[in-house]
Amino acid sequence: QGQLAESGGGLVQAGGSLRLSCAASGRTFRRDTMGWFRQAPGKERDFVASISGSAVTIYYADSVKGRFTITRDNAKNTVYLQMNSLKPEDTAVYYCAAQMTAGPPSPKFEYWGQGTQVTVSS
């Protein structure tokens, strides 16, 4: 049974950067696609980015392209989300996900973390 734990969230001013980490435990996900989602207050959870096990296939939501970068370290069983040029509209709880069972445009994942809050002040 795999578990995911996000870290790295916090409060940052607009234009700033944060790096989120998602550490997996209980099993390896090195062959599985992993991803990041976010949910703003009162809104549905939205896809942010995904990365295949080999890191060859990467997808981004249009809203974060050019600002966010997803990477992974399979030796550490960890996936990262580098977020630059942050905007107030990026404020949300960010969730890590693993083992994609359905691909874009509506990706679905089997495993989920508890989430980490990112708040961007204007």
Exercise. Go through the structure and list residues passing side chain to side chain contact (heavy atoms under 4.5 Å, CB included) with Ala40, not counting sequence neighbours.
Key: Lys43, Ala92
Practice problem: Please name all residues satisfying salt bridge (Lys or Arg N to Asp or Glu O under 4.0 Å) with Lys65, sequence neighbours left out, ordered by chain then number. | Solution: Asp62
Quiz item: By salt bridge (Lys or Arg N to Asp or Glu O under 4.0 Å), which residues pair with Asp90, not counting sequence neighbours?
Solution: Arg38, Arg67
If two hydrophobic side chains count as joined below 4.5 Å and joins carry through other members, does [X] share a cluster with [Y]?
X: Val64; Y: Val12; value: yes
X: Tyr59; Y: Tyr94; value: no
X: Phe37; Y: Leu86; value: no
X: Ile70; Y: Tyr80; value: no

Quiz item: Are the side chain of Asn77 and the backbone of Arg27 linked by a donor-acceptor contact shorter than 3.5 Å?
Solution: yes
Self-check item: Thr91 side chain vs Val120 backbone, donor-acceptor pair below 3.5 Å
Solution: yes
Spacing of [X] atom [atom1] and [Y] atom [atom2] [to the nearest 0.5 Å]:
X: Gln13; Y: Thr119; atom1: CD; atom2: OG1; value: 13.0 Å
X: Arg72; Y: Asp32; atom1: CZ; atom2: CG; value: 7.5 Å
X: Arg31; Y: Ser52; atom1: CZ; atom2: OG; value: 13.5 Å
X: Thr69; Y: Leu81; atom1: OG1; atom2: CG; value: 8.0 Å
X: Leu20; Y: Ser7; atom1: CG; atom2: OG; value: 8.0 Å
X: Thr28; Y: Asn74; atom1: OG1; atom2: CG; value: 6.5 Å

Practice problem: Determine the minimum heavy-atom distance between Ala14 and Pro88, stating which atoms define it. | Solution: CB-CD, 4.1 Å
Quiz item: Cys22 and Leu4: which non-hydrogen atoms are nearest, and at how many Å?
Solution: SG-CB, 3.9 Å
Exercise. Return yes when atom CD of Gln82 has more than 12 non-hydrogen atoms of other residues, nucleotides or ligands closer than 6.0 Å, and no otherwise.
Key: yes
Quiz item: Counting only heavy atoms not in Tyr60, do more than 12 sit closer than 6.0 Å to its OH atom?
Solution: yes
Quiz item: Tell me, which pairs form a disulfide (SG to SG under 2.5 Å) where one or both residues lie in residues 38-86, sequence neighbours left out?
Solution: none
Acceptor/donor pairs from residues 95-116 side chains to any protein atom, 3.5 angstrom cut, sequence neighbours excluded:
from: Thr101; atom 1: OG1; to: Lys108; atom 2: O; distance (Å): 3.3
from: Trp112; atom 1: NE1; to: Phe109; atom 2: O; distance (Å): 3.2
from: Thr116; atom 1: OG1; to: Gly9; atom 2: N; distance (Å): 3.3

Exercise. Evaluate the side-chain proximity of Trp36 to Phe68: yes if any heavy-atom separation is below 4.5 Å, no if none is.
Key: no
Practice problem: Kindly write out the residues that satisfy side chain to side chain donor-acceptor pair (under 3.5 Å) with Arg19, not counting sequence neighbours, or none if the list is empty. | Solution: none
